Number of protein chains: 2
Amino acid sequence: MEIELQIKMNEKLFLRNPEHSELGKKIIRHSIQLIYKNGFESFTFKKLAEDIGTTEAGIYRYFENKHRLLIYIAAWYWSWLEYRVSVNTNNLKDPAVKLKKVIKLLATAVEDDIKTTHVNENILHQIIIAEGSKAYLTKHVSEDNKDQLFKPYKDLCAAIGEIILACNPKYKYPKSMASTIIEMAHFQNFFMNNLPALTDFGKEKDELKIVSFLEELVFSSIKKGYPG
Amino acid sequence: MEIELQIKMNEKLFLRNPEHSELGKKIIRHSIQLIYKNGFESFTFKKLAEDIGTTEAGIYRYFENKHRLLIYIAAWYWSWLEYRVSVNTNNLKDPAVKLKKVIKLLATAVEDDIKTTHVNENILHQIIIAEGSKAYLTKHVSEDNKDQLFKPYKDLCAAIGEIILACNPKYKYPKSMASTIIEMAHFQNFFMNNLPALTDFGKEKDELKIVSFLEELVFSSIKKGYPG
DNA sequence: TTTTAAAAGATAGTATTACTATCATTTAAA
DNA sequence: TTTAAATGATAGTAATACTATCTTTTAAAA
């Protein structure tokens, strides 16, 4: 039996659903590779088309512009992460154990077991670290947000917020704590590898140190101590 | 007696020092306004030149490209913040009181008393919140970092790290905690105003709530309790 | 006060980017 | 088998991101 992970994406994220055709899947796969290789700024639909072996106009039939494509990729990532969080935590009772698991999922590289056909999740993780915030750091965030383009991020944040509240129902900032964990899992990683003076992990470059930092940060704040 | 705040900037940040001429100062002032108004993506040297009443070529004599100009503006902001941190904390003995002061300086809008002639600091604060991370989220961070372009950020981070260590010399993550405070002071503000579901401050939109959140986060982690 | 050099203005030009439009051909669904 | 949808091929445009050159203005040195 072959199981393929299909994530249902918001229709507003694209002009034509890239999951529904070979070309569409190629667009996603190759844009992830190209953005990883050269960064989002130097990424263009022309280069992408050449890389795939199609034409610029072909790409424009799927996505309005490269920023929309970035939002799509980010949304896919957040949906996928929420899926992994739910799979990896719903058999756990202790919310503190759950929260530890969440931090680990956020802050460490993916073990490449559950392979979805057309996405390299490790590279995806890397580009979301470096380019992910550009999806919402724009003048048109609010309109994009009205179109629900950031729903997967907000859902993940809400889910983590729930776990935090389960640890301590009186904690006052579950959602801000959740977004802090998410953003810092990524930023501390980026800093560690690129601006090490901004972290305490520059020498070892060990993701597990980020996990320890975040765990200490979170659990001392929500005051439930460490789980086993 | 007239005192003007002059911040010495790294020579590699520009081709010609914008502080040394009227045109240069106009470039800084007007770019801050334009980026604030339309966002960094739609900001171009052409538009800037028209806004100022000079030519594109004129701007290029000061800055290699718009990204360098953003780095310059960000560097100026971080230098200015470090200056304000030192002015506002060096008469304080208790490091915990110092740290509270730092959090407030980072997370709340500027009282526009100390006016530097050509920069609107409130608008500057806003654009750093929305665009600041784009200064380093690039493929060429490491080279830029070698040119010391991010030194002001790193210095500020180091200074805050020192205060954290003064609170608790055994705390293991002073620099990561410092960069977390800095980034979250900005991101929680951006989220509060643009993606409120990611925070617990969406309704009131009150910066002081962010201050409370950060204080609780920081002090429960470094375990020295709140100052008076 | 003149000379000289640096800065700014004016104008032109190029390659690339970010699209839109059209028409022919292939592929897949009815 | 027909018909529509998707793709390919090609062209074209406005804007962006520059570089180059030449003239005029401004400011500093002799």
Side-chain angles (χ1 to χ4, degrees), chain A residues 9 11-31 34-35 37-73 118 131 134-135 138-140 143-144, chain B residues 9 11-31 34-35 37-73 118 131 134-135 138-140 143-144:
Chain A
M9 303 292 287
E11 297 278 324
K12 296 220 173 169
L13 285 164
F14 46 75
L15 300 172
R16 181 174 299 168
N17 195 328
E19 300 277 350
H20 289 170
S21 73
E22 268 316 303
L23 179 59
K25 286 177 196 168
K26 269 189 194 167
I27 289 174
I28 303 305
R29 186 168 62 244
H30 284 81
S31 27
L34 271 183
I35 293 172
K37 204 177 157 207
N38 307 316
F40 184 65
E41 275 68 40
S42 84
F43 169 76
T44 70
F45 277 5
K46 183 99 183 291
K47 291 175 191 167
L48 176 59
E50 274 159 22
D51 202 49
I52 293 176
T54 182
T55 59
E56 233 182 322
I59 318 284
Y60 278 105
R61 290 188 184 111
Y62 283 84
F63 292 99
E64 252 180 272
N65 54 52
K66 71 171 186 167
H67 185 257
R68 281 286 165 131
L69 177 48
L70 178 65
I71 297 183
Y72 178 93
I73 291 171
H118 62 292
E131 322 284 0
K134 295 172 192 169
T138 67
K139 266 286 151 180
H140 44 90
E143 294 106 85
D144 289 351
Chain B
M9 304 291 287
E11 298 277 325
K12 297 219 171 171
L13 286 164
F14 47 75
L15 300 172
R16 182 173 299 167
N17 195 329
E19 299 277 350
H20 289 173
S21 72
E22 268 316 304
L23 179 59
K25 286 176 196 169
K26 270 189 193 167
I27 289 173
I28 303 305
R29 187 166 63 244
H30 285 80
S31 27
L34 270 184
I35 293 171
K37 205 176 156 213
N38 308 316
F40 184 64
E41 275 69 39
S42 84
F43 169 77
T44 70
F45 278 5
K46 184 100 183 288
K47 290 175 190 168
L48 176 60
E50 273 159 24
D51 202 50
I52 293 176
T54 182
T55 58
E56 232 182 322
I59 317 282
Y60 277 106
R61 291 193 183 107
Y62 283 83
F63 292 98
E64 250 180 273
N65 54 51
K66 71 171 186 168
H67 186 256
R68 280 287 165 132
L69 176 47
L70 178 65
I71 297 183
Y72 177 93
I73 291 172
H118 62 291
E131 321 285 0
K134 295 172 192 169
T138 68
K139 266 286 151 180
H140 44 90
E143 295 104 85
D144 289 351

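Chain naming here is simple, since letters A, B, ... match the order of the sequence lines and numbering starts at 1 in each. Predicted model, so just to flag it, every value in this text is computed and none were measured.
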To the nearest angstrom, how far is Leu15(B) atom CG from dA6(C) atom P? 16 Å
Donor-acceptor pair, Lys66(A) side chain versus Phe40(A) backbone, under 3.5 Å? yes
Distance in angstrom units between Phe43(B) CZ and dA15(D) P, rounded: 18 Å
I need the NE2-P distance between His20(A) and dA28(C), as an integer number of Å. 15 Å
Between His67(A) (side chain only) and Lys134(A) (backbone N and O only), is there a donor and an acceptor less than 3.5 Å apart? yes
Lys25(A) NZ to dT7(D) P: how many Å, rounded? 12 Å
Over 60° means perpendicular and under 30° means parallel, so classify the ring planes of Phe45(A) and Phe43(A), tilted if in between. perpendicular
For Phe63(A), report the nucleic acid contact type (base, sugar-phosphate, nothing); a contact means any heavy atom under 4.0 Å. nothing
From CG of Leu48(B) across to P of dA15(D) the rounded distance in Å is 18 Å
Rounded to whole Å, how long is the line connecting atom CD of Glu22(A) with atom C1' of dT7(D)? 14 Å
Using 4.0 Å as the upper bound for N to carboxylate O, is an ion pair formed by Lys12(B) and Asp144(B)? no
Ser21(A) side chain near dT7(D) phosphate (N/O to OP1/OP2, under 4.0 Å): yes
Rounded to whole angstrom units, what separation is found between the CD atom of Glu41(A) and the P atom of dA17(D)? 11 Å
From the options dA9(D), dC18(D), dT11(C), select the nucleotide whose nearest atom is closest to the side chain of Glu56(B). dC18(D)
Is there a side-chain contact between Tyr62(A) and the phosphate of dT7(D), meaning an N or O under 4.0 Å from OP1 or OP2? yes
Categorize Phe45(B) for me: base, sugar-phosphate, or nothing, with a 4.0 angstrom heavy-atom threshold over every strand shown. nothing
From the set dA9(D), dT19(D), dA18(C), return the single nucleotide nearest to any side-chain atom of Tyr60(A). dA18(C)
By nearest atom, which of the nucleotides dC18(D), dA18(C), dG9(C) is closest to the Thr44(A) side chain? dA18(C)
Position toward the 5' end of DNA chain C (nearest nucleotide), Arg61(B) or Lys46(A): Arg61(B)
OP1 or OP2 of dT17(C) versus the side-chain N and O atoms of Lys47(A): is any pair under 4.0 Å? yes
Considering only heavy side-chain atoms of Leu23(A), the closest of dC18(D), dA18(C), dG8(D) is dG8(D)
Give the nucleotide from the list dC18(D), dA10(C), dA18(C) with an atom nearest to the side chain of Asn65(B). dC18(D)
Just to confirm, is there a sub-4.0 Å distance from OP1 or OP2 of dA8(C) to any side-chain nitrogen or oxygen of Thr54(B)? no
With a 4.5 Å limit on heavy-atom distance, are the side chains of Leu23(B) and Tyr62(B) in contact? yes
Does a side-chain N or O of Arg16(A) approach OP1 or OP2 of dA5(D) to a distance below 4.0 Å, or not? no
Would a 4.5 Å heavy-atom cut-off, applied to side chains only, mark Leu69(B) and Ile28(B) as touching? yes
Rounding to an integer number of Å, can you tell me how far Ile59(A) CD1 sits from dT17(C) C1'? 15 Å
